[in-house]
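The block underneath contains the structure these notes are about, expressed in structure tokens.
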Amino acid sequence: MHDIKWIREDAAAFDAALARRSLPASSPQILKLDGERRAAQTAMQEAQAKRNDLSKQVGELKRTGGDAGALMQEVASLKDRMAELEVQEKELGTQLDTILSSLPNRPAPETPDGKDEHANKEIRRFGTPAGHNAPRQHYELGEALGQMDFTNAAKLSGSRFTILSGALAKMERAIGNFMLDLHTDTFGYTEVSPPLMVRDEIAYGTAQLPKFADDLFRTTTGLWLIPTAEVPLTNLVNGDILEPEQLPMRVTARTPCFRSEAGSAGKDTRGMLRQHQFYKVELVSITMPDQSKAEHERMTECAETVLKRLEIPFRTMVLCTGDMGFAAQKTYDLEAWLPGQNTYREISSCSNCGDFQARRMNARYRPAGEKGTAFVHTLNGSGLAIGRCLIAIMENFQNPDGSIAIPAILRPYMGGMEKIEVTAKL
RNA sequence: GGAGACAUGGCCGAGAGGCUGAAGGCGACGGUUUGCUAAACCGUUAUACGGGGUAUACCUGUAUCGAGGGUUCGAAUCCCUCUGUCUCCGCCA
């Protein structure tokens, strides 16, 4: 959600910011609506003031035994006009909100301009791809191991689901446990186990709604299955006024994520790269405005540390304006090396949303030494996507015989196991 | 799922159609007193939006007593719906 006051003050800057996302100038329409809304509001408030005043006089007259009939008549006639003005004001307000809530966040100044992912910029790189001889893709490896089954998953649930079993299923669990321990023990995040279904206004708070309802699953009771733990974690502060000493607030959770991926039929159809359901460890920070930039770097490093400890080669990209998500001002993607695909693929996305989500959630804090409140900043990042991490391990640690070496850091989480070997199919 | 009770400011807690943005207390902040601490006393202590104004001072209006409707000249107070909390019963991991 954008700050209407800012748009009033500097409409040109507002339009210029959204032009970087290839959007047409919307300030003329917004300002027109805003002016009309305020005029209606002022008129309504004046009418209310008059009614309050007259009603007070009625009370006065009644107490002293006078005749209040004429005054009551006058207020009664005022009411028609008030009702009209109220409807008008509400209608204009709704129109304004509809526009404001459907516009994406403005990019940070340092976010590079660009049309699509080709304009993203690599900013650093870790590790060197091992140079496998004829590397296989994760689904070939997994099926050969007898521990990854797409056919049976389709029987249960249709396409874009996977069944893991045996050591591979255990490794999925181990990966999540390792990540949670790292973020809580080393980086100071508090572990949370949140609801996986949320109300409309919660999905609105993080900006999944109203624009992206098609990407979500909805229960018959009207709740939304979370597409990421960002949604419940960020909304932890929905409607709150926080004290400065509570900030920054850092939380993490491992949850399933549910995505209908309505728009991407035909993309990455093989394997478990793009699924309707996957596990992810999410990082969320709530900060004061002047902290969010540093927090963004810190969060990205937390995510990078996961890949470093797992010894998976990756590169860190800063997304361009055209590839960045709706709520973000600036986003870093981590892309893990996948030898089977001979390319880097996204495994984490860390975004600074500034006050964009905070406005939608009405999440504020009290600045020390100032009166009043100010919106907090929100940040979220994957730390990391567990399914894709499993894929990256399988492809990077594959042996010519089809077995998978287990990264050293993960072995304690797998009872000391060092290698995943072929088993009979489940 | 069945039955009932409740929802007021940072917290506790009055209020039962007008004089209530809301008594009283606690807490917090500022001040007076004080050798220090404590105590006592005085004062301040919500949010949002609008109008005026040298746009962060200040003045003024409106709204907000869980949310949304309704009744009324006038609603924290009466009515309806919803949401949430608590208690009892049933069911269940």
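Chain letters run A, B, ... following the sequence lines, proteins first and then strands; every chain starts at 1.
No close placement of the A:F217 and A:W224 rings is indicated, their centers lying 6.0 Å or farther apart. Between A:F161 and A:H276, the ring center distance clears the sub-6.0 Å criterion.
Protein atom CD of A:Q246 is 14 Å distant from nucleotide atom P of B:G10, rounded to whole Å. Rounded to a whole Å, the CD atom of A:E89 is 10 Å from the C1' atom of B:A63. Computed from coordinates, the A:K50 NZ to B:A63 P distance equals 16 Å when rounded to whole Å. Between the NZ atom of A:K79 and the P atom of B:U71 there is a distance of 7 Å, rounded to whole Å. For A:R359 and B:C49, the CZ to C1' distance is 14 Å, given to the nearest whole Å. Between A:D3 atom CG and B:A48 atom C1' the separation is 13 Å, expressed in whole Å. When the C1' atom of B:A55 is taken as reference, atom CH2 of A:W6 falls 18 Å away, rounded to whole Å. Rounded to an integer number of Å, the gap from A:E86 CD to B:G50 C1' is 15 Å.
B:A39 and B:C89 are spaced 47 Å apart, taking the P atom of each and rounding to whole Å. Annotation: B:A22 and B:U62 have their P atoms spaced 13 Å apart (nearest Å). Annotation: B:A46 and B:C80 have their C1' atoms spaced 30 Å apart (nearest Å). Taking atom C1' on both nucleotides, B:G27 is separated from B:G13 by 14 Å, rounded to a whole Å. On the P atoms, B:U33 is 33 Å away from B:G10, given to the nearest whole Å. Rounded to whole Å, the separation between the C1' atoms of B:C79 and B:C86 comes to 25 Å. To the nearest whole angstrom, the two P atoms, one in B:A38 and one in B:U47, are 28 Å apart. Comparing the same atom, C1', in B:C65 and in B:A75 gives a spacing of 11 Å after rounding to whole Å.
Residue A:R366 has its side chain nearest to B:A46 when only B:G18, B:C49, B:A46 are considered. Closest to the side chain of A:N52, from the set B:G50, B:U72, B:U62, is B:U62. Nearest to the side chain of A:Q48, among B:A63, B:G61, B:U47, sits B:A63. Closest to the side chain of A:R364, from the set B:U47, B:C73, B:G69, is B:U47.
Nearer to the 5' terminus of RNA chain B, by closest-nucleotide assignment, is the contact made by A:Q45 (compared with the other of A:Q45 and A:A76). Residue A:K56 is the one, among A:K56 and A:V75, whose nearest nucleotide of RNA chain B lies closer to the 5' end (criterion: closest heavy atom).
Partner of A:D268 under the salt bridge (charged side-chain N to carboxylate O under 4.0 Å, His left out) criterion, out of A:R274, A:R388, A:R160: A:R274 alone. Looking at A:T378, A:N352, A:D355 one by one, the single match for side-chain hydrogen bond (donor to acceptor under 3.5 Å, both in side chains) with A:S292 turns out to be A:N352.
Side-chain N/O atoms of A:Q41 and base N/O atoms of B:G50 include no donor-acceptor pair closer than 3.5 Å.
The aromatic rings of A:H296 and A:Y332 sit parallel to each other, their planes meeting at less than 30°, with 60° as the upper class boundary.
Heavy atoms of A:K5 sit under 4.0 angstrom from primed sugar atoms or phosphate atoms, though from no base atom. Residue contacts shown for A:A49 are limited to sugar-phosphate atoms, with no base heavy atom under 4.0 Å away. In this structure, A:N362 reaches neither bases nor backbone, as no heavy-atom distance under 4.0 Å exists between it and the strands shown.
For B:A63, the OP1/OP2 oxygens have a side-chain nitrogen or oxygen of A:R51 closer than 4.0 Å. For A:R8, a side-chain nitrogen or oxygen approaches OP1 or OP2 of B:G50 to under 4.0 Å. Within the structure, a side-chain polar atom (N or O) of A:K90 is placed less than 4.0 Å from OP1 or OP2 of B:G69. An OP1 or OP2 oxygen of B:G84 is reached within less than 4.0 angstrom by a side-chain nitrogen or oxygen of A:R199. For A:T42 and B:G52, the shortest distance from a side-chain N or O to OP1 or OP2 is not below 4.0 Å.
In this structure, CG in A:D181 is found 11.5 Å from CE in A:M179, a value given to the nearest 0.5 Å.
Look at A:D149 and A:K425 and you find a salt bridge, because one of the NZ, NE, NH1 or NH2 atoms lies within 4.0 Å of a carboxylate O, short of that distance.
A stem is defined here as three or more consecutive Watson-Crick or G-U pairs, each with both distances under 3.5 Å; for RNA chain B these stems are B:1-7 with B:83-89, B:10-12 with B:24-26, B:27-32 with B:40-45, B:46-52 with B:58-64, B:66-70 with B:78-82.
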Query - Pair A:Y279-A:R173, side-chain contact (heavy atoms from CB on, under 4.5 Å): steps then yes or no - result: CA-CA 9 Å; A:Y279 289 97; A:R173 175 158 55 92; over 6 Å; no
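Between the side chain of A:D15 and the main chain of A:S26, a donor-acceptor pair closer than 3.5 Å is present.
In this structure, A:R360 satisfies the cation-pi test against A:Y204, with its NZ or CZ atom closer than 6.0 Å to the six-membered ring centre and inside 45 degrees of the ring normal.
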